[in-house]
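Within every chain, numbering begins at 1; the chains are lettered A, B, ... in the order of the sequence lines, protein sequences first and strands thereafter.
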Amino acid sequence: MTHAIAELLYPHVTRTPADWLEIYPPRALPQGAYVTRYAPSPTGFVHIGSIYASLVARRAAHQTGGVFFLRIEDTDKKREQDGSIEAIVHNLINFGLTPDEGIVQIDPEIELGAYKPYTQSERIDIYESFAKDLVARGLAYPAFDSEAELDELRKQQEVEKVQPGYYGKWARWRDASYEDVKARIDAGERPVIRVRAPYPNPARVVLHDAIRGEIDMPANEIDAVLIKSDNRLPTYHFAHVVDDTVMRVNLVTRGDEWLPSVPLHLQLFAYINQPAPTFAHIAPIAKMDGTSRRKLSKRKDPEANMAYYYEIGYPEQAVTEYLLNLANSNFQDWRRDNPTTPNSEFAFSIEKMGIASPLFDLIKLNDISKDVIARFTAEQVYDLAVAWADEHDQRLAAVLRLESAYTLAVFNVERTGTAPRKDIINWSDVERAVGFFFDPLFEAAIAKDSYPFPALDGELTAQVIEKMKAFDPVMPKENWLAGMRDFAEAHGFARDAKTFKKAPESYRGHFGDMMMIVRAALTGRTNTPDLYEIMKTMGTARVQRRADLALTAAKQRAGNA
RNA sequence: GCUCUAUUCGUCUAGAGGCCUAGGACGUAGCCCUCUCAAGGCUAAAACACGGGUUCGAAUCCCGUAUGGAGCACCA
């Protein structure tokens with residue numbers, strides 16, 4: 001009778017699961033190679049958790065000589081949003097996570113790989129073959145309950161204080177006759193297909209999760225929906241089991257919110273007589289909300305959205321290394337021991353991933369990002385900063401592009417030694433870090449806040465600026481510094497801070513206090529990189545121009561006082 | 001309500017019964033270096049949720065309690 005029902009439901013389906021398994025044979029891969037996938041639904045907005053999961057999946061696959069692919073889970077047409085697929089692919093490519101199969105470039109029409117199609121709405125034939133087979137073997141059945149009837153069921157279960165759901169005696173279509181089903185079909189109704197789960201089911205399932213170890217759960221006894229009635233598409237559960245079987249996935253990485261449905265999934269793998277993959281359930285990235293932690297939310301947390309990192313201008317490597325650090329905390333030790341090796345060579349381990357949700361930590365990201373940018377060459381910084389500015393800050397872009405050789409020299413200040421300067425956090429931080437080098441930005445800052453000269457008399461300030469103006473870039477740094485020290489001493493400053501500390505009353509200040517005049521005149525700021533380097537980079541003409549500007553301001557100030 | 005799951009410095013974590021007086025990193029504070037920052041070096045404060053067991057010995061194993069998280073949809 002079940003065969004008859006299967007035929008009634010799917011008269012057009014001629015292929016069997018065995019046919020599909022032949023069409024999509026096991027992959028020829030080395031022993032132990034993982035086949036993994038990232039399977040988003042195209043609902044807009046790329047979440048950082050998605051990039052995190054993809055990173056994990058791709059590393060696991062590639063480190064074992066396996067395959068990482070992208071599958072689009074578009075079985076809920078109501079929630080779909082235009083442009084989502086492009087956004088997903090764009091992010092994967094940007095973060096060095098380009099899939100090996102599926103949609104691997106921005107044009108969603110182009111698909112790579114032998115297990116196509118990689119979009120679920122185009123795989124209905126496959127799902128229906130498996131569904132028909134299950135119905136024929138009595139392991140699944142059609143159900144014609146209306147939404148209202150299901151509501152009623154839930155209410156009744158609430159009243160009786162029993163487990164909610166479609167199971168056992170509550171599953172009224174479980175053992176419907178061929179005639180009952182045929183009557184509904186003839187009336188034009190479309191059923192859902194549900195699994196026939198054993199009920200009661202006292203069995204336990206034990207699985208070994210790659211991240212969480214042994215997990216022991218009660219076996220499934222709910223007759224979950226496999227195929228939806230309105231559009232013939234599968235639910236997540238059925239799509240997962242069929243696709244990951246047919247596409248030969250052997251390591252499923254996904255968020256740990258799926259853990260409770262693993263018993264259902266294992267039941268389905270058993271029903272179709274196929275081995276279940278290894279599971280790796282990833283804890284979501286969280287943040288504090290009041291006193292409790294919660295998953296990073298699309299609506300409340302801007303840092304959940306990948307767009308946030310583009311806007312602020314974090315280099316791709318910074319985000320990647322931050323995520324790697326969350327996934328494997330030994331990454332930081334590896335990075336310390338291998339300061340210049342690309343992070344792709346880090347031996348990632350899925351087993352080392354943490355079980356509890358880590359809290360997102362912007363301060364740590366900033367720290368990692370500073371290190372990442374410090375490792376870049378001046379050329380890389382230039383290219384990336386300008387590319388960012390082109391998109392997010394046109395005014396800055398214009399300034400940086402004005403004299404590209406000069407900009408390049410600016411980014412090279414204190415970058416060449418053994419300990420490169422770490423003061424740029426991200427691209428939107430560039431203006432704060434080195435803006436003073438550029439005349440338009442410098443002049444705007446001066447106009448706004450004036451010079452932060454130390455409280456010394458105007459005549460002396462002017463003399464120091466004159467001395468600065470005489471800067472000769474040919475002179476080595478040591479000589480210039482020595483000359484400045486001599487000058488300081490001649491004008492009543494201690495040669496260095498130590499001398500000053502011994503007898504502060506005998507000096508008007510120490511060398512550093514005098515140099516602050518130079519710093520203020522040259523940059524309009526009280527904290528900057530090395531002054532000699534700055535002057536050398538700026539060149540004589542710019543130094544002199546700035547000296548003149550500062551002199552005018554200093555004299556004005558002296559006049560006012 | 002039921003099921004699963006988790007809990008080590010503020011944060012990310014190391015930890016597989018004696019290497020634990022609990023280690024590292026970020027952050028914080030102090031000192032050193034120093035033309036100011038940044039960086040770097042050194043130092044400090046800072047944690048095994050609680051209660052019972054098991055054991056010669058527990059952060060680690062077991063049982064409870066508390067608290068957090070997730071799930072119980074024709075959403076993924």
Establish, with yes or no, whether the OP1 or OP2 oxygen of B:G68 is under 4.0 angstrom from a side-chain nitrogen or oxygen of A:K295.
no

Starting the side chain at C-beta, find the nucleotide from B:A38, B:C26, B:C35 nearest to A:D530.
B:C35

To the nearest Å, how far apart are A:N330 CG and B:G15 P?
9 Å

Candidate nucleotides B:C35, B:U11, B:C37, ranked by approach to the side chain of A:M515 - the nearest:
B:C35

Are the aromatic ring centres of A:W427 and A:Y314 under 6.0 angstrom apart?
no

Rounded interatomic separation in angstrom, taking CZ from A:R519 and C1' from B:U34:
11 Å

I want to verify a distance call: between B:C75, B:C37, B:C12, whose nearest atom is closest to the A:D76 side chain?
B:C75

Which nucleotide in the set B:A76, B:A38, B:G1 lies at the smallest distance from any side-chain heavy atom of A:H237?
B:A76

Minimum-distance nucleotide to A:L481 side chain [options: B:G27, B:C35, B:U36]
B:C35

What's the NZ-C1' distance between A:K498 and B:C33, to the nearest Å?
8 Å

Whole-angstrom distance between B:G15 and B:G68, as gauged at atom P:
28 Å

Salt bridge (charged side-chain N to carboxylate O under 4.0 Å, His left out) partner of A:D145, chosen from A:R190, A:R172, A:R184
A:R172

Here the distance between atom P of B:A73 and atom CD1 of A:I193, to the nearest Å, is 19 Å

Tell me if the centroids of the rings in A:H265 and A:F238 come within less than 6.0 Å of each other.
no

Integer-rounded Å distance: B:U3 C1' and A:I215 CD1
13 Å

Decide, yes or no, whether a salt bridge links A:K477 with A:D530 under the criterion of side-chain N to carboxylate O below 4.0 Å.
yes

Would you indicate which nucleotide in B:G24, B:C4, B:C35 comes nearest to any side-chain atom of A:M217?
B:C4

Given B:G71, B:C74, B:G24, the nucleotide with the shortest approach to the side chain of A:E257:
B:G71

Integer angstrom distance from the C1' of B:G51 to that of B:U3
25 Å

Please evaluate the base of B:C74 for a donor-acceptor partner in the side chain of A:S229 within a cut-off of under 3.5 Å?
yes

What's touching nucleotides 39-42 of chain B from the protein side, N or O pairs under 3.5 Å?
none

5'-most contact on RNA chain B (nearest-nucleotide basis), A:L359 vs A:K161, goes to A:K161

Proximity of A:F436 and A:F442 rings by center, below 6.0 Å:
no

Under a 3.5 Å limit for both distances, which nucleotide forms a Watson-Crick or G-U wobble pair with B:C9, could you say?
none

Both distances below 3.5 Å, Watson-Crick or wobble geometry, any strand: find the nucleotide opposite B:C31.
B:G41

Could you work out the separation of B:G27 and B:G64 based on their P atoms and round it to a whole Å?
42 Å

Tell me which nucleotide among B:A70, B:C35, B:C74 gets nearest to the side chain of A:P260.
B:A70

Is the phosphate of B:A76 approached by A:T75 (side-chain N or O, under 4.0 Å from OP1 or OP2)?
yes

If the plane angle is over 60° it's perpendicular, under 30° parallel, otherwise tilted; pick one for A:F500 and A:H510.
tilted

Nearest-Å distance, CD (A:Q332) to P (B:A14)?
10 Å

Report the base-pairing partner of B:U3 (Watson-Crick or G-U wobble, both distances below 3.5 angstrom), or none.
B:A70

A:K77 NZ: over 12 foreign heavy atoms closer than 6.0 Å:
yes

By nearest-heavy-atom nucleotide on RNA chain B, the more 5' of A:S41 and A:R204 is A:R204

Is it the case that more than 12 heavy atoms not belonging to A:K298 sit under 6.0 Å from its NZ atom?
yes

Please determine if a side-chain N or O atom of A:R294 lies less than 4.0 Å away from the OP1 or OP2 oxygen of B:G68.
no

In whole Å, what is the span from the CZ atom of A:F511 to the C1' atom of B:U36?
11 Å

Taking only the C1' atom of each, what is the distance from B:G69 to B:G30 in whole angstrom?
39 Å

Under 6.0 Å between ring centres: does that hold for A:F144 and A:W173?
yes

Identify whether any heavy atom of A:G165 sits under 4.0 Å from a base atom; if not, whether one sits that close to sugar-phosphate; answer base, sugar-phosphate or nothing.
nothing

Give the rounded distance in Å between these two atoms: OH of A:Y127 and C1' of B:C74.
16 Å

Just checking A:P40: base, sugar-phosphate only, or nothing, at a heavy-atom cut-off of under 4.0 Å?
nothing

Taking the six-membered ring for Trp, are A:H47 and A:F45 parallel (under 30°), tilted (30 to 60°) or perpendicular (over 60°)?
tilted

Phosphate-side-chain proximity, A:R79 and B:A76, N/O vs OP1/OP2 below 4.0 Å:
no

With both distances under 3.5 Å as the test, what is the Watson-Crick or G-U wobble partner of B:U36?
none

Measuring from the side chain of A:D361 (C-beta onward, heavy atoms only), which nucleotide among B:U11, B:C74, B:G24 has the closest atom?
B:U11

Applying the Watson-Crick and G-U wobble criteria at under 3.5 Å, what pairs with B:U65? Answer none if nothing qualifies.
B:A49

Across every strand shown, the nucleotide meeting Watson-Crick or G-U wobble geometry with B:C19 (both distances under 3.5 Å) is none

Identify whether any heavy atom of A:V225 sits under 4.0 Å from a base atom; if not, whether one sits that close to sugar-phosphate; answer base, sugar-phosphate or nothing.
sugar-phosphate

